[in-house]
Amino acid sequence: MAVIIDGKEVAGRLRRELRDRVKALRDAGTVPCLAVILAGDNGASLSYVAAKEKALEEAGMDGRDFRLPEETTQAELLSLIAALNADPQVHGILVQLPLPSPIDAGPVIAAIDPAKDVDGFHPVSVGNLVLGRPGFLPCTPHGVLVLLREYGVPVSGAHAVVLGRSGIVGKPLANLLSRRDQNATVTLCHTGTRNMADICRQADILIAAVGKPGMIRGDMIKEGAAVIDVGVNRVPESGTKKGYRIRGDVDFETAAEKAGFITPVPGGVGPMTIAMLLENVVQAAETAGGIR
Ligand code: NAP
């Protein structure tokens, strides 16, 4: 039976450790502050934003909340971002995705000052990541690396298979894992991949970020592999309070029989995303305050 990677525990520890850095900043007169912009009323986005705001408060940081209507225009968003860029009391800016159509997220993200890009989605942050230069790392991929490190999963020389090539998870993860400091050999799979099950069975580290509940079953996993499930999928279920339950991309029961390490959903990668976001905000505030 696999070792269960407890992301909730690791994230809790990281968040407690961050409190000392927040205290040092506050003592020096700087309260780390994240501006969160949410346009529209996407159900999942509302709950992500609420969780981020609660985490900021618990960490002793400031959150500035901008809830905008579904009809918000791109020009309005750009002018809000320009104001937040110019505000020295705001250290990080987060635009919750997806944005309502027809807003094009690309120019909106690109308008954020890269020094405040705590989500790590700005083209400058992406370029730094690919080039191996210092910069903000995107929170979910960074959280995955920290989980592998915390559980002593060997990454250097391992064959890491990443399923999904989104700009926020799959692609940055594949890039990070293939950097010299991680040193994995990476295969990146997507809907154009042939024989995906065979490729999965070759993985020492298998990371699923496809958004398909239970797609990865035990028979696709190599004995002893580390299985990281990024998926967060709402599966309708009658009799539950919300009418759905959250399920990952991995079929946990069958996968846990084969894997050496496995993340649960919920309680695996999800809590790490928020912890890494808080760390990026603290880092941004430290840089702005000349502490680092
Ligand atoms: P996304 O933008 O929805 O893209 C999904 C990716 O998976 C695409 O690259 C797609 O390939 C690939 N894919 C879909 N079905 C596939 C199949 N049958 N075979 C092979 N590849 C397939 O992905 P995302 O935004 O990264 O989200 C992925 C999952 O992670 C979702 O469940 C999301 O909710 C979750 N997520 C969790 C966190 C967290 O904090 N835990 C953060 C972000 C996302 P193509 O490119 O060919 O279409």
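Indexing begins at 1, ligand by ligand and atom by atom, following the structure's order. Atoms considered below: every heavy atom in the structure, side chains included; atoms not considered: hydrogens, waters and symmetry mates.
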Option nearest atom 32 (O) of ligand 1 (shortest heavy-atom distance, choices Val232, Asp229, Thr191):
Val232

Could you go through the side-chain contact (heavy atoms from CB on, under 4.5 Å) check for Leu129 and Leu176 one step at a time?
CA-CA 7 Å; Leu129 183 155; Leu176 283 167; 4.0 Å; yes

Any donor-acceptor pair under 3.5 Å linking the side chain of Gln182 with the backbone of Arg179?
no

Pull out every atom of ligand 1 sitting under 4.0 Å from any heavy atom of Gly164, numbered as shown with elements.
6 (C), 7 (O), 9 (O), 12 (C)

Salt bridge Lys23-Asp20, side-chain N to carboxylate O under 4.0 Å:
no

Could you work out, with salt bridge (charged side-chain N to carboxylate O under 4.0 Å, His left out) as the rule, every residue matching Asp65, not counting sequence neighbours?
Arg67

Please check if the side chain of Lys116 supplies one atom and the backbone of Asn85 the other of a donor-acceptor pair under 3.5 Å.
yes

Going by heavy-atom distance to atom 4 (O) of ligand 1, choose the closest among Gly248, Pro213, Ser166.
Ser166

Within 4.0 Å of some non-hydrogen atom of Gly270, the atoms of ligand 1 are 41 (N)

Of all protein heavy atoms, the one nearest atom 9 (O) of ligand 1 is Arg165 N, 2.8 Å

Count the heavy atoms of every other residue, nucleotide or ligand shown that sit under 6.0 Å from CD of Gln202, and state whether that count exceeds 12.
yes

Would you say ligand 1 has an N or O under 3.5 Å from any N or O of Asn233?
yes

For atom 43 (C) of ligand 1, what's the nearest protein heavy-atom neighbour? Residue, atom name and distance, please.
Val169 CG2, 3.7 Å

In the protein, what heavy atom is nearest to atom 27 (O) of ligand 1, and what distance, to one decimal place, separates them?
Ala209 O, 4.5 Å

Nearest protein heavy-atom contact for atom 21 (N) of ligand 1: which residue, which atom, what distance?
His190 C, 3.3 Å

Residue-level breakdown please: for Ile168 versus ligand 1, do any non-hydrogen atoms fall below 4.0 Å on the side chain, on the backbone, on both, or on neither?
side chain

Candidate list Asn183, Asp181, Thr185, test side chain to side chain donor-acceptor pair (under 3.5 Å), partner Ser156, passing option
Asn183

Given Val90 and Arg64, is the side-chain contact (heavy atoms from CB on, under 4.5 Å) satisfied, shown in steps?
CA-CA 8 Å; Val90 171; Arg64 281 210 215 156; 3.7 Å; yes

Using a cut-off of 6.0 Å, state whether more than 12 heavy atoms not belonging to Glu17 lie near its atom CD.
yes

Looking only at protein heavy atoms, identify the closest one to atom 36 (N) of ligand 1 and say how far it is in Å.
Val230 O, 3.6 Å

What residue and heavy atom of the protein are closest to atom 39 (C) of ligand 1, and at what distance?
Thr273 OG1, 3.7 Å

If we count only non-hydrogen protein atoms and require a distance under 4.0 Å, does atom 18 (N) of ligand 1 qualify as touching the protein?
yes

Just jot down the ligand 1 atoms closer than 4.0 angstrom to any heavy atom of Gly211, in number order.
28 (C), 29 (C), 31 (C), 32 (O)

At a non-hydrogen distance cut-off of under 4.0 Å, which region of Val210 contacts ligand 1 (side chain, backbone, both, or neither)?
both

Run the side-chain contact (heavy atoms from CB on, under 4.5 Å) check on Asp6 and Tyr151 step by step: do they pass?
CA-CA 9 Å; Asp6 187 346; Tyr151 276 79; 3.4 Å; yes

Just by modelled atom types, is the Val265 backbone N or O under 3.5 Å from a matching donor or acceptor in the Arg247 side chain?
no

May I ask you to identify, for Met272, whether its side chain, its backbone, both or neither come under 4.0 Å of ligand 1 on a heavy-atom basis?
neither

Checking heavy atoms under 4.0 Å, the part of Thr140 that sits near ligand 1 is side chain

